[in-house]
Student: 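There's a structure below that I have some questions on.
The figures here come from the full heavy-atom set of this structure, side chains too, leaving out hydrogens, waters and symmetry mates. Keep in mind that this is a model prediction, so the values were computed, not measured.
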Amino acid sequence: MLNINNLHASIDNKEILKGLNLEVKAGEVHAIMGPNGSGKSTLANVLSGRDGYEVTRGEVRYMDKDLLQLAPEERAREGIFLAFQYPVEIPGVNNVYLLKAALNAVRVHRGEPEMDAVDFLKLVRERIKVVNMSEELLNRSVNEGFSGGEKKRNEIFQMTLLEPKLAILDETDSGLDIDALKVVAEGVNRLRDPDRSIIMITHYQRLLDYIKPDHVHVLSRGRIIKSGGPELALELEEKGYDWVNAEADAA
Amino acid sequence: MSDVLSHYLQEHERRYPEGTGDRLGELRQSALQEFRNLGFPTRRQENWKYTDVRKLCKHEFRINDDVVDLPAGRIESLPIARPDCHELVFVNGRYSPAHSRADKLAAGIIVTDLAAALNQQPELVSDHIARYSDTASSGFTALNTAFLQQGSVISLAAGAVLDKPVHLIHINTQQQQPYSGQLRNLILLGDNSEGTVIESYFGLDDAVYFTNSVCEIRLDPGSRLQHYRIQQESSNSFHLGHTTVRLQKDSRYESSVVSLGAELSRTDLNCRLEQSGAVCVLNGLYMVNGQQHTDHHIRVDHTVEATTSTQNYRGILDEQGRAVFNGKVVVHKGADKTDARQSNANLLLSDKAEVDTKPELEIYADDVKCSHGATVGQLDKNMLFYLRSRGIDEHTARSLLTFAFAGEIIRNIHMASIRERLEQLVLGRLPDAETIREFTHE
């Protein structure tokens with residue numbers, strides 16, 4: 001599904017990712033953990049194609065395509081979904097129309113017919129229940145006036161509707177209370193599928209209590225310095241990040 | 001004397017060879033004298049610092065007095081919002097009875113063209129005309145008064161309510177000789193009366209002309225006026241519009257100004273809140289591209305206690321378009337409890353576009369609430385990326401955000417038919433209009 005090979009990326013001429021390697025197979029859920037400033041969000045931004053990042057070395061293959069050559073909208077149509085750490089408010093752009101356009105962009109790209117309004121609304125009503133989000137929010141402008149929790153739910157709602165092949169969750173758990181966290185986790189768990197991969201980027205182990213990853217990686221100073229199973233997350237929670245850093249320095 | 005001044009003096013001589021005559025004749029004569037003294041404004045005047053009218057002065061516009069009838073169905077085919085209204089139609093600056101239809105009006109309501117009012121209600125006109133708008137404020141206003149003949153009179157007696165809006169439709173076609181329409185509107189609302197007036201200005205193709213329109217509005221206590229001003233003049237035309245509003249106790253004036261057309265346009269709106277409880281709400285949207293230049297000058301005078309004004313203007317500038325915004329609020333001595341808010345936001349879509357925006361507050365009272373703000377910016381990068389990350393291509397995302405920016409003004413327009421037409425007009429100026437239309441309408 002996704003193969004990242006020796007990825008180096010900079011912003012404002014400052015190198016953030018310094019030779020990152022990662023392989024994600026179809027159906028797998030990966031957690032990428034790391035302290036602040038380790039390059040977690042840079043990885044999410046480079047994968048989704050945000051401007052301002054320069055890839056200086058390495059490559060990213062997604063479904064046998066050179067991902068870095070694709071525009072952000074092409075990546076989305078190819079099935080990549082980024083759940084934003086800070087979803088932006090867009091006054092004047094209607095939430096539900098954006099969703100319909102997003103869904104139909106993917107469908108047209110796949111050579112499928114556009115979904116009509118009736119079927120679309122049926123689907124919306126069905127999926128919005130999953131994230132326990134008020135239908136009233138649908139007809140508002142995108143994220144405008146939403147609380148922090150509502151914004152995150154909206155991201156997960158979009159994800160459940162768009163059914164991406166590769167979902168990247170950038171610190172989706174930050175700023176959520178425990179109830180919202182459970183809702184978000186349920187939304188993600190429902191999407192688990194042998195054909196779908198999920199990358200969760202997070203600072204805390206907390207989210208992993210509800211979404212059990214297949215693999216856990218520690219990102220530090222722009223590289224993955226340790227990988228393991230779910231038990232690694234628990235070990236990190238107990239011992240902190242200094243422990244892996246020290247181990248990496250020693251190696 | 002410059003050639004352009006003597007041209008208009010000759011035009012005046014041609015139109016009014018009889019000299020002064022009655023009171024109206026005197027008014028025209030003294031305004032002509034005023035125009036001779038003032039001439040056209042230059043950039044040395046603070047109010048005209050960013051707007052150069054020399055190009056307008058190069059033409060010898062003939063003051064139009066020919067009645068032009070349009071072929072049947074022509075008006076219907078134009079992209080003008082036409083809700084069910086009493087319609088007064090002006091073609092090339094002259095009233096066209098054939099195209100107009102003022103349906104039966106309730107007692108106490110007068111809706112008529114100015115020339116007819118001068119014949120039938122001369123006192124009504126002479127009691128009010130040129131009393132609210134200052135002839136000396138600029139050469140354009142003086143010029144307009146000097147040729148006072150064409151325009152409209154709308155008068156509502158105390159308690160009268162217009163059953164439907166009055167629509168003043170101005171259509172300009174190409175003529176062999178460039179021409180000018182000098183239009184004068186008088187809108188008088190008696191105590192507690194209520195109505196809606198729409199002014200539409202539309203130019204066909206590349207017609208070359210000069211619209212000079214002056215509108216005087218007086219709102220008596222408790223009256224309410226909704227006023228729309230939609231300017232879609234031709235791309236080779238010049239549009240000057242000057243509106244003065246006098247507001248008395250507890251009266252309310254709501255204005256929506258939309259400026260899309262003309263090579264050069266200048267719109268002045270002066271509101272004077274003269275008695276307590278008066279409220280004015282001023283919204284505006286301007287869009288320029290190519291080499292268009294548009295200038296909006298607003299002045300609000302809070303002269304007594306407890307009056308309220310809000311200004312919310314937005315501009316979208318593309319290519320080499322230029323815009324000027326000047327919003328001035330004066331809170332006079334003793335005008336405590338004034339609430340004045342002002343905002344002007346501009347979106348620059350090209351690095352060659354230019355905007356000069358200047359909010360001005362002059363406060364001579366202590367207990368007031370005033371705010372003002374002006375912004376000039378580009379499309380938000382984070383919003384663009386968010387939309388693209390959801391599969392929306394960059395062009396569409398740009399148009400969508402531009403439309404959303406304009407939508408902040410359009411959505412405040414009460415009349416649904418006008419609002420929808422404006423949405424269409426704004427969309428029509430954007431690339432990917434079809435895709436966005438899909439987006440905004442189901």
Student: Taking salt bridge (charged side-chain N to carboxylate O under 4.0 Å, His left out) as the definition, give me every residue that meets it alongside A:Glu54, ordered by chain and number, with sequence neighbours left out.
Tutor: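 Partners of A:Glu54 under the salt bridge (charged side-chain N to carboxylate O under 4.0 Å, His left out) test: none.
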
Student: Under a 4.5 Å heavy-atom cut-off, does chain B meet the side chain of A:Gln158, its backbone, both or neither?
Tutor: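 Answer is side chain: those atoms of A:Gln158 sit under 4.5 Å from chain B.
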
Student: Taking all non-hydrogen atoms of both residues, which atom of A:Ala76 and which atom of B:Ser389 are closest, and how far apart?
Tutor: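 Smallest interatomic distance, heavy atoms only, reads CB-O, 3.3 Å.
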
Student: Take a 6.0 Å sphere around CD of A:Glu135 and say whether it holds more than 12 heavy atoms from other residues, nucleotides or ligands.
Tutor: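 Enclosed.
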
Student: Does any heavy atom of chain B fall under 4.5 Å from the side chain of A:Pro164, the backbone, both, or neither of them?
Tutor: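 Contact with chain B is absent: no heavy atom of A:Pro164 under 4.5 Å.
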
Student: With respect to chain B, which residue among A:Val88, A:Val106, A:Asp51 yields the maximal number of heavy-atom pairs within a distance under 4.5 Å?
Tutor: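 Highest number of pairs under 4.5 Å: A:Val88.
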
Student: To the nearest 0.5 angstrom, please state how far the CG atom of B:Asp393 sits from the CZ atom of A:Arg77.
Tutor: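 Interatomic distance, B:Asp393 CG to A:Arg77 CZ, rounded to 0.5 Å: 5.5 Å.
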
Student: In this structure, are over 12 heavy atoms from other groups packed under 6.0 Å from A:Asp64 atom CG?
Tutor: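 Not buried by this count: 12 neighbours or fewer within 6.0 Å.
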
Student: Is the ring pair B:Phe385/A:Phe84 parallel, tilted or perpendicular, if the boundaries are 30 and 60 degrees?
Tutor: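 If you compare the ring of B:Phe385 with that of A:Phe84, the planes turn out perpendicular.
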
Student: Identify the two heavy atoms, one from B:Ile392 and one from A:Glu73, that lie closest to each other, and give their separation to 0.1 Å.
Tutor: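 Of all heavy-atom pairs spanning B:Ile392 and A:Glu73, the closest is O-CB, 3.5 Å.
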
Student: Taking CZ in B:Arg341 as the centre, count heavy atoms belonging to other residues, nucleotides or ligands within less than 6.0 Å. Is the count above 12?
Tutor: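 No, not enclosed.
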
Student: Are more than 12 heavy atoms, taken from residues, nucleotides or ligands other than A:Arg57, located less than 6.0 Å from that residue's CZ atom?
Tutor: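 It does not: A:Arg57 CZ has 12 such atoms or fewer within range.
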
Student: Please flag which part of A:Val142 lies under 4.5 Å from any non-hydrogen atom of chain B: side chain, backbone, both or neither.
Tutor: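 Just its side chain gets close to chain B.
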
Student: Can you name the residues of residues 119-132 of chain A that have some heavy atom under 4.5 Å away from a heavy atom in chain B?
Tutor: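 Checking residues 119-132 of chain A against chain B gives no residue, so none.
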
Student: Return the CZ to CZ distance between A:Arg75 and B:Arg388, rounded to the nearest 0.5 Å.
Tutor: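 CZ of B:Arg388 is found 9.5 Å from CZ of A:Arg75.
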
Student: Report yes if some heavy atom in the side chain of A:Tyr86 is under 4.5 Å from a heavy atom in the side chain of B:Asn382; otherwise report no.
Tutor: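 Sidechains of B:Asn382 and A:Tyr86: no contact.
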
Student: Say you draw a straight line from CD of A:Glu155 to OH of B:Tyr386; how long is it, rounded to the nearest 0.5 Å?
Tutor: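 The OH atom of B:Tyr386 is 3.5 Å from CD of A:Glu155, to the nearest 0.5 Å.
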
Student: Please name the pair of heavy atoms, one in B:Ala404 and one in A:Pro91, separated by the smallest distance, quoted to 0.1 Å.
Tutor: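 Closest pair (atom of B:Ala404, atom of A:Pro91, distance): CB-O, 3.4 Å.
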
Student: Give me the atom names and distance for the closest heavy-atom approach of B:Arg390 to A:Ala102.
Tutor: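 Here B:Arg390 and A:Ala102 meet closest at O-CB, 3.1 Å.
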
